[in-house]
Amino acid sequence: MLLGSEILLSRPELKELQLKRLRETLERIISSVPFYTEALAATARRDLKSSEQITDLPFTTKSDLRNNYPLGFLAVKQNEVLRIHASSGTRGKPTIAAYTDGDLRIWAELCARSLETAGVRPGDVLQNCYGYGLFTGGLGLHQGAEALGATVIPSSSGRSQHQLMLMQDFQTRVLCCTPSYALTLALFIEEKKVDRAKLKLEIGIFGAEPWSQECREQIEQR
């Protein structure tokens, strides 16, 4: 994996590449996914003149994903699937994300590039407090950090006293978690009157839930 390398394309070259990949994607799903065979039957996919024409294509809705549970959207053979992730299914059947080997490699590289952009570097200690399991966030950041060359502590969520111990003992530089849990940890650290000199936190990767600018400012201040 080459991180930090650049392939510079002109704007026309980029648009041509986008159009080529859009056509390839449409051809693949129309020929292999019954839902899209029907949904895109009227689309003149071979006549796409620009990538902007993606707006002429119909949307795939959350209901479509639920109605084709569990693997109705697979565009590969099931034995090519290496991992299954899913939503919580709070409104019925969960929506499924199935990953091939290629998907996992691309996902890891994208996460690695995102972490690198945020300032994470090889050798950094990254404490991953996102949930593992069916939720995609924990494992995605985990693989991305390893691909980047960071040291990962897969601590998952909860157990604030344990999280604090790991931060101190392993000199965690990067914290990954939801914004609300970042605030929970900050308040816990304040309550325990922890010597801030014992913490080396510098970078926070927060997400997976809505949060306000006020919340962001509170996390930065604390």
Side-chain angles (χ1 to χ4, degrees), residues 1-3 5-117 128 130-148 154 207-209:
M1 182 181 300
L2 296 177
L3 298 175
S5 60
E6 293 185 357
I7 299 176
L8 299 178
L9 299 177
S10 66
R11 178 58 61 176
E13 289 173 331
L14 179 60
K15 285 185 173 294
E16 184 59 33
L17 178 61
Q18 290 172 331
L19 180 59
K20 176 178 179 289
R21 290 180 175 174
L22 175 58
R23 285 171 172 160
E24 290 173 350
T25 299
L26 289 172
E27 290 293 340
R28 181 179 180 87
I29 64 175
I30 288 172
S31 63
S32 59
V33 182
F35 173 84
Y36 288 118
T37 303
E38 180 178 349
L40 300 175
T43 302
R45 55 191 185 279
R46 296 183 185 278
D47 296 325
L48 289 174
K49 302 300 182 184
S50 72
S51 56
E52 282 80 1
Q53 285 181 275
I54 193 172
T55 57
D56 298 332
L57 302 175
F59 284 101
T60 302
T61 67
K62 199 76 174 284
S63 294
D64 294 330
L65 297 176
R66 291 195 191 99
N67 292 339
N68 286 273
Y69 173 92
L71 296 174
F73 272 86
L74 275 189
V76 298
K77 295 180 180 179
Q78 188 171 340
N79 62 7
E80 295 180 51
V81 175
L82 297 188
R83 189 187 301 164
I84 298 288
H85 282 288
S87 68
S88 60
T90 53
R91 296 187 178 182
K93 291 289 188 180
T95 55
I96 302 298
Y99 295 86
T100 64
D101 176 67
D103 295 329
L104 292 174
R105 285 188 283 106
I106 292 170
W107 184 21
E109 181 169 354
L110 288 171
C111 287
R113 290 180 179 274
S114 297
L115 290 168
E116 186 179 48
T117 300
N128 189 2
Y130 282 112
Y132 284 68
L134 286 175
F135 172 63
T136 63
L139 279 167
L141 279 173
H142 183 119
Q143 290 180 294
E146 288 183 340
L148 182 59
E209 66 184 13

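Going from atom CG of Leu40 over to atom CD1 of Ile30 covers 4.5 Å, rounded to the nearest 0.5 Å. Expressed to the nearest 0.5 Å, how far CD of Glu13 lies from CG of Leu8 amounts to 10.0 Å. Going from atom CD of Gln143 over to atom CG of Leu139 covers 6.0 Å, rounded to the nearest 0.5 Å. In this structure, Glu109 CD and Leu104 CG are separated by 13.0 Å, a value rounded to the nearest 0.5 Å. With rounding to the nearest 0.5 Å, the separation of CG in Leu65 from NZ in Lys93 is 14.5 Å. The structure places CG of Asp101 at 9.5 Å from CD1 of Ile106, a figure rounded to the nearest 0.5 Å.
Other residues, nucleotides and ligands contribute only 12 or fewer heavy atoms inside 6.0 Å of the CD atom of Gln78. Annotation: Arg21, atom CZ; neighbour count of heavy atoms from other residues, nucleotides and ligands within 6.0 Å does not exceed 12.
Residues Phe73 and Asp64 meet the side-chain proximity criterion, which asks for heavy atoms closer than 4.5 Å. Thr60 is listed as a side-chain neighbour of Tyr36, based on a closest heavy-atom distance under 4.5 Å. Two residues are said to be in side-chain contact when any heavy atoms from C-beta on lie closer than 4.5 Å; Arg28 and Val76 meet this criterion. Inter-residue side-chain proximity for Leu26 and Leu57 is flagged as met; some heavy-atom pair is nearer than 4.5 Å. Side-chain contact between Lys62 and Arg91 is absent, with no heavy atoms from C-beta onward closer than 4.5 Å.
A salt bridge does not link Lys20 with Glu16: none of the charged nitrogens is closer than 4.0 Å to a carboxylate oxygen.
Side chain of Ser87 to main chain of Thr95: a donor-acceptor pair is present (N/O by atom type, distance under 3.5 Å, no hydrogens or angles).
Listed here is the closest heavy atom pair of Ala98 and Val81: CB-CG1, 3.9 Å. Among all heavy-atom pairs drawn from Ala147 and Ala108, the shortest one is CB-O, 4.5 Å. Closest approach of Ala208 to Phe135, counting heavy atoms only: CB-CZ, 3.9 Å. Heavy atoms only, all atoms of each residue included: Gly144 and Ala112 are closest at O-CB, 3.3 Å.
Aromatic ring orientation, Trp107 versus His85: perpendicular (interplanar angle above 60°, classes split at 30° and 60°).
With sequence neighbours excluded, the residues that form a side chain to side chain contact (heavy atoms under 4.5 Å, CB included) with Leu115 are Val120, Leu126, Leu141, Ala145, Leu148, Ile205.
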Problem set entry | Evaluation steps, side-chain contact (heavy atoms from CB on, under 4.5 Å), between Leu71 and Ile84 | CA-CA 10 Å; Leu71 296 174; Ile84 298 288; 4.0 Å; yes

